[in-house]
Amino acid sequence: MQDITNPEERQRSLDRMKRRATGLLVLMGAIFVATSLLEGQHAWVGYVRATAEASLVGGIADWFAITALFRHPLNIPVPHTAIIPARKDRIGRSLGNFVQNNFLSPEVLTAKLRAAQISRRAAEWLSDPERARTAAQHLASILRSAGSVIRDEDVHALLDRSVVEPLRRMAIAPVLAKGLALLTVDDRHQQLLDRVIHGLTRLVAENEALIRERIREESPWWVPELVDDRIHQKVLGGIERTLYEVGADPNHPLRHQFNELLADWMVQLQESPEVIARAEAIKQQVLDPETSGRLAASLWEELKQALGRQQLSDDGAPGAVARGLAALAAAALDDEALLEKIDGWVIGAVLRVVEQHRGEVGQLIAQTVSSWDPQETSRRIELLVGRDLQFIRINGTLVGGLVGLLIYTVTHAL
């Protein structure tokens, strides 16, 4: 099997096809000469001569047309020949426009990217713990390499421009209201409350001695220790009992109060000028240059340390980052809406980048073709398509002969 990517093999294949096409043409020429000399001796010779004559016409016409694409036939500067060398720059511009308008159009890219199901494939790949570990290790390696050449100040400035500054310009109250609305979907806020109650219960149990000590410190010196113990038992028992009742009873009054509180916050964040202004003031305080600078520095440092520590645990299990990637991928596979949103974000990002640089792609193709030597351009294109064009010469010779035979037969039959 020939290597079609090898220029030398392409050239040999093209030369073989040229010899075949030319050999067929020479054969038809020889037949035409011979039958022209013998035509008067036998009637059937006229049919052969007419076939050979038409084959010569068809073969020569196709040879001229194909040769004229790449060079002047017989080095004679016939007008409108050597088309590719003469029109090289125009061809480059046309090719660039063709790629730009037909391959990089938003409609084509959107259809291709949606069909690719990028988010699903990525999630399926990352859901495997071994692959997630590999991805985390590569990410850690890339980050360590980047950290050695990128200054922390540049990263802080980038985070401030791309993350913090948009947050400063964004009205925070509507965002908080939408966040609370999402939190209440399918009673997720009650699930969050359950986790808080569970955490508080464990926190109280783990700090029982500390609570006892604080009660004793706050109690007057003259109160007997027995009384302090009783107060401790009452306080601790009341807290634990309340937490248990709230956790066990889906209709507990505190849960209803929690619902009402969140509903009131959502309304206030959308309708109350005072609450909106207070939320905006808190946001500005949190995102002032000094605080946001420390936040960006802290985020970058924590990210470097977390990924820098990414490695196998003692028992060979994946590290925390790898486990997080695998868990995130598994969760995404169970949420079709999330996968659809991720695909939408990816498609939107790709379309924005392509739209900004689509014209540059067309210009790059046009400039690249323009920089080529005209003869070299002609040679490259001929190597790519010339072999197939030689079949046109062969077909033209054969079809021309059949047409000539048909015309000769019809004219002699009438």
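Nothing here was measured: the structure is a model prediction, and the numbers come from that model.
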| said: Just so I know, are the side chains of Lys18 and Leu14 near enough to count as touching, which here means a heavy-atom distance under 4.5 Å? | reply: yes
| query | Would you call Glu355 and Arg358 a side-chain contact if the rule is heavy atoms closer than 4.5 Å? | reply | yes
| task | Kindly determine whether Ile347 and Ile118 satisfy side-chain contact (heavy atoms from CB on, under 4.5 Å), including the steps that lead there. | result | CA-CA 9 Å; Ile347 292 172; Ile118 296 173; over 6 Å; no
| task | Indicate the atoms forming the closest heavy-atom contact of Phe103 with Leu109, along with that distance. | result | O-CD2, 3.9 Å
| query | Which pair of heavy atoms, one from Gly401 and one from Ser55, lies closest together, and at what distance? | reply | CA-OG, 2.9 Å
| message | For the CD1 atom of Ile83 and the NE2 atom of His72, what is their distance to the nearest 0.5 Å? | response | 10.5 Å
| said: Nearest 0.5 angstrom please: Lys112 NZ to Glu107 CD, how far? | reply: 13.5 Å
| said: Between Arg12 and Glu9 (salt bridge meaning N to carboxylate O under 4.0 Å), is one present in this structure? | reply: yes
| query | So, do Leu254 and Glu245 sit near enough that their side-chain heavy atoms are less than 4.5 Å apart? | reply | no
| task | I would like to know whether Asp194 and Arg255 meet side-chain contact (heavy atoms from CB on, under 4.5 Å); could you show each step before the answer? | result | CA-CA 10 Å; Asp194 288 334; Arg255 290 186 179 272; 2.4 Å; yes
| query | What's the shortest heavy-atom distance between Ala330 and Ser127, and which atoms? | reply | N-CB, 4.4 Å
| Taking only residues two or more places apart in sequence or in another chain, which ones pass side chain to side chain contact (heavy atoms under 4.5 Å, CB included) with Asn259? | His189, Gln190, His256
| query | Okay, side chain of Lys88, backbone of Thr377: is any donor-acceptor separation there less than 3.5 Å? | reply | no
| task | Return yes if some donor-acceptor pair links the side-chain N/O of Ser13 with the main-chain N/O of Arg10 below 3.5 Å, else return no. | result | no
| Do Glu280 and Lys283 meet the salt-bridge criterion of a basic N to acidic O distance under 4.0 Å? | yes
| Heavy-atom distance under 4.5 Å between the side chains of His252 and Gln257, does that happen here? | no
| Between the main-chain N or O of Pro374 and the side-chain N or O of Ser378, is there a donor-acceptor pair closer than 3.5 Å? | no
| message | Test your reading of the model: is there a side-chain donor-acceptor pair from Ser371 to the backbone of Thr368, 3.5 Å cut-off? | response | yes
| query | Only one of Ile381, Thr81, Val385, Leu389 forms a side chain to side chain contact (heavy atoms under 4.5 Å, CB included) with Leu69, so which one is it? | reply | Leu389
| task | Evaluate the side-chain contact (heavy atoms from CB on, under 4.5 Å) criterion for residues Asn102 and Val108: first the C-alpha distance (whole Å), next the side-chain angles of each, then the deciding distance (0.1 Å), finally the verdict. | result | CA-CA 7 Å; Asn102 293 278; Val108 172; over 6 Å; no
| said: Under the rule for salt bridge (charged side-chain N to carboxylate O under 4.0 Å, His left out), what residues qualify as partners of Arg202, not counting sequence neighbours? | reply: none
| task | I would like to know whether Glu360 and Leu364 meet side-chain contact (heavy atoms from CB on, under 4.5 Å); could you show each step before the answer? | result | CA-CA 6 Å; Glu360 297 177 9; Leu364 174 62; over 6 Å; no
| said: Keeping Asp343 on the side-chain end and Ser119 on the backbone end, is there a donor-acceptor pair under 3.5 Å? | reply: yes
| said: Within the structure provided, determine whether Thr397 and Asp62 are in side-chain contact (heavy-atom separation under 4.5 Å). | reply: no
| said: Within the 3.5 Å criterion, strictly below it, is a donor on Gln390 or Arg387 matched to an acceptor on the partner's side chain? | reply: no
| Is there a donor-acceptor contact under 3.5 Å from the side chain of Thr411 to the main chain of Tyr408? | yes
| field | Euclidean distance, Ile239 CD1 relative to Leu203 CG, rounded to 0.5 Å | value | 10.0 Å
| said: So which atom in Trp125 and which in Ala135 form the shortest heavy-atom distance, rounded to 0.1 Å? | reply: CZ3-CB, 3.9 Å
| task | Might you confirm whether atom CH2 of Trp265 has over 12 heavy atoms from other residues, nucleotides or ligands at distances under 6.0 Å? | result | no
| Hey, is Arg380 close enough to Glu376 for a salt bridge, meaning N to O under 4.0 Å? | yes
| query | Heavy-atom distance under 4.5 Å between the side chains of Met266 and Thr184, does that happen here? | reply | yes
| Ring geometry between Tyr47 and His412 (parallel below 30°, tilted from 30 to 60°, perpendicular above 60°) | tilted
| message | Salt bridge or not between Glu336 and Arg120? Use side-chain N to carboxylate O under 4.0 Å. | response | yes
| task | Keeping the roles fixed (side chain from Thr35, backbone from Ile31), state whether a donor-acceptor pair exists under 3.5 Å. | result | yes
| Minimum heavy-atom distance Ala329-Leu126, with the two atoms named | CB-CB, 3.7 Å
| Nearest-0.5 Å distance that lies between atom CZ in Arg278 and atom CD1 in Ile172 | 15.0 Å
| Quick one: CG on Leu339 to CZ on Arg121, what's the gap to the nearest 0.5 Å? | 13.0 Å
| said: Could you report the tightest heavy-atom contact between Pro73 and Trp63, atom names first, then the distance? | reply: CB-CH2, 3.9 Å
| query | Going by heavy atoms in the side chains, are Arg93 and Val369 under 4.5 Å from each other? | reply | no
| Is any side-chain heavy atom of Thr22 closer than 4.5 Å to a side-chain heavy atom of Arg393? | yes
| query | Atom CZ of Arg71 and atom CD1 of Ile84: how far apart are they, to the nearest 0.5 Å? | reply | 9.5 Å
